[in-house]
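Single-structure report; data block below.
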Amino acid sequence: MPELPEVEVVKKFLNSNFNGKRIQKIKILNKKLRYKIETNITKHLINQIITKIFRRGKYLILLFENKNTLLIHLGMTGYFRIIKEENYKKHDHLVFYFESNLLVYNDIRKFGFIKFYKPDEVLNSQHLVKIGPEPFSKEYDFKYFKLNSKKTTNIKNLLMDQNFVAGLGNIYCSEILFDAKINPKRRCKKLNNNQIKQIIKSTKKILDKAISFGGTTIKNFVVSNEKIGYFKNELKVYGKEDTGCVRCSKINKIKRIVQSGRSTFFCENCQK
DNA sequence: AGGGCTACCTGTACGC
DNA sequence: TGCGTACAGGTAGCCC
């Protein structure tokens, strides 16, 4: 489910519903996620007002009035939904009780996590201390790319590296490289200046568009009780193995290859 | 040191 | 219908 655009949509959803709201109670239904949910988070967060929700890469940061934070990662299948009463489903793990509703975290595969951090600790946590720049930031530019792109790896793996640039995952890397007309197998050191500039441009363009469409629905990207994620209809190559390339003609079929154990989709004809 | 592979966990789709 | 296998948006820790 969640790459940067999906997490951004979740962040907006949480901000619009819970910013300024007080947590009355927290119930841990199952503490076994990627990391065990610490039982004592309850005593730090009870009666606290959520003052803001931030996104950094694919991470969510909940900030409370006493400056404590929760760092949340949705893994592959994590999502939030709002319910009116205690009406739980399989794989619900944590519930925040508010005055007028309940916010539930559900995660089938348990690759996500919810961690508590004291003020000023979260940005120096193991998860965020080495994370790369936001793709929309000024820092992610031509100079940065030249200076920090690992010369030895291919461009797909570079974009997937959260310490190079934050938030890109398996879907959007394929889509970005298709837009930039770059072959995902291409060695980084062989990219010329124009291609680097194009990759940066395509990164911002694809993510921006995906956010405006509400992210990509693959399986269970659900916010509240509404299905969103209309960017799925805009995907050009991801999951399109053996279908005709929408750009260079219907004769050339999209190929699926495996890079570092993950599927990559591209057109051999128009991505060089 | 840095990149590649595998584990983690559950569900689904597909071939036989 | 059932069984075995492959695959799925994530990171992290091991190995080389």
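Chain letters run A, B, ... following the sequence lines, proteins first, then strands; residues in each count from 1. Only this structure's heavy atoms are used, side chains among them; waters, hydrogens and symmetry mates stay out. The structure displayed is predicted, hence computed values, not measured ones.
If you take NZ of A:K36 and C1' of C:dA12, they are 20 Å apart, rounded to a whole angstrom. Remark: C1' of B:dC5 and CD of A:Q259 are 14 Å apart, rounded to the nearest angstrom. Between the P atom of C:dT11 and the CG atom of A:L60 lies a distance of 13 Å, rounded to the nearest Å. In this structure, CD of A:E6 is placed 16 Å from P of C:dA8, rounded to the nearest angstrom. Put simply, CE on A:M76 is 11 Å from C1' on B:dT10, counting in whole angstrom units. Distance A:D161 CG to C:dG10 C1': 14 Å, rounded to the nearest Å. When the C1' atom of C:dT11 is taken as reference, atom OH of A:Y59 falls 7 Å away, rounded to whole Å. Distance A:K130 NZ to B:dG3 C1': 13 Å, rounded to the nearest Å.
Using a 30° and 60° split on the angle between ring planes, A:F113 and A:Y59 fall in the tilted class, from 30° to 60°. Ring-plane geometry between A:Y140 and A:F145 is classed as tilted, the angle between the planes lying from 30 to 60 degrees on a 0 to 90 degree scale. Taking the six-membered ring for Trp and thresholds of 30 and 60 degrees, A:F231 and A:Y172 have ring planes inclined between 30 and 60 degrees apart.
Atom P of B:dA7 sits at a distance of 15 Å from the matching atom of C:dT5, rounded to the whole Å. Across the C1' atoms, B:dT6 and C:dA6 are found 16 Å apart, a figure rounded to whole Å.
Both tests do not hold together for A:K240 against A:F265: distance to the six-membered ring centre under 6.0 Å, angle to the ring axis within 45°.
Checking the phosphate oxygens (OP1, OP2) of C:dA12, a side-chain nitrogen or oxygen of A:H127 falls inside 4.0 Å. A sub-4.0 Å separation between OP1 or OP2 of C:dG10 and a side-chain N or O of A:T77 is absent. The side chain of A:R256 contributes an N or O atom lying less than 4.0 Å from OP1 or OP2 of C:dA8. Taking only side-chain nitrogens and oxygens, A:H91 comes nearer than 4.0 Å to OP1 or OP2 of B:dG11. Phosphate contact (OP1/OP2 of C:dT11, side-chain N/O of A:K58, threshold under 4.0 Å): present. In terms of phosphate contacts, A:K90 brings no side-chain nitrogen or oxygen within less than 4.0 Å of OP1 or OP2 of B:dT10. Close to C:dG10, at under 4.0 Å from its OP1 or OP2, lies a side-chain N or O of A:R262. The shortest distance between the side-chain N/O atoms of A:T153 and the OP1/OP2 oxygens of B:dG4 is below 4.0 Å. Regarding contacts with the backbone of B:dG3, every side-chain N or O of A:N157 stays at 4.0 angstrom or more from both OP1 and OP2. Residue A:Y35 has a polar side-chain atom (N or O) positioned under 4.0 Å from OP1 or OP2 of C:dA12.
Each of C:dA12, C:dG10, B:dT10 was ranked by its minimum atom distance to the side chain of A:I108; first place goes to B:dT10. With distances taken from any side-chain atom of A:T152 to the nucleotides B:dC9, C:dG10, B:dG3, the minimum falls on B:dG3. Distances from the side chain of A:K110 to the nucleotides B:dT10, B:dG2, C:dT11 place B:dT10 closest.
For A:E3 and A:K58, the salt-bridge test fails: no basic side-chain N is under 4.0 Å from an acidic carboxylate O. Between A:R22 and A:E99, no side-chain nitrogen of the basic residue sits less than 4.0 Å from a carboxylate oxygen of the acidic one, so the salt-bridge criterion is not met.
Pairing for C:dC16 is with B:dG2, a Watson-Crick or G-U wobble pair whose two hydrogen-bonding atom distances lie under 3.5 Å.
Under the stacking criterion of a centre-to-centre distance below 5.5 angstrom and an interplanar angle below 30°, A:F111 sits stacked against the six-membered ring of B:dC8.
Judged by distance alone with a 3.5 Å cut-off, a donor-acceptor contact links the side chain of A:R109 to the base of C:dA8.
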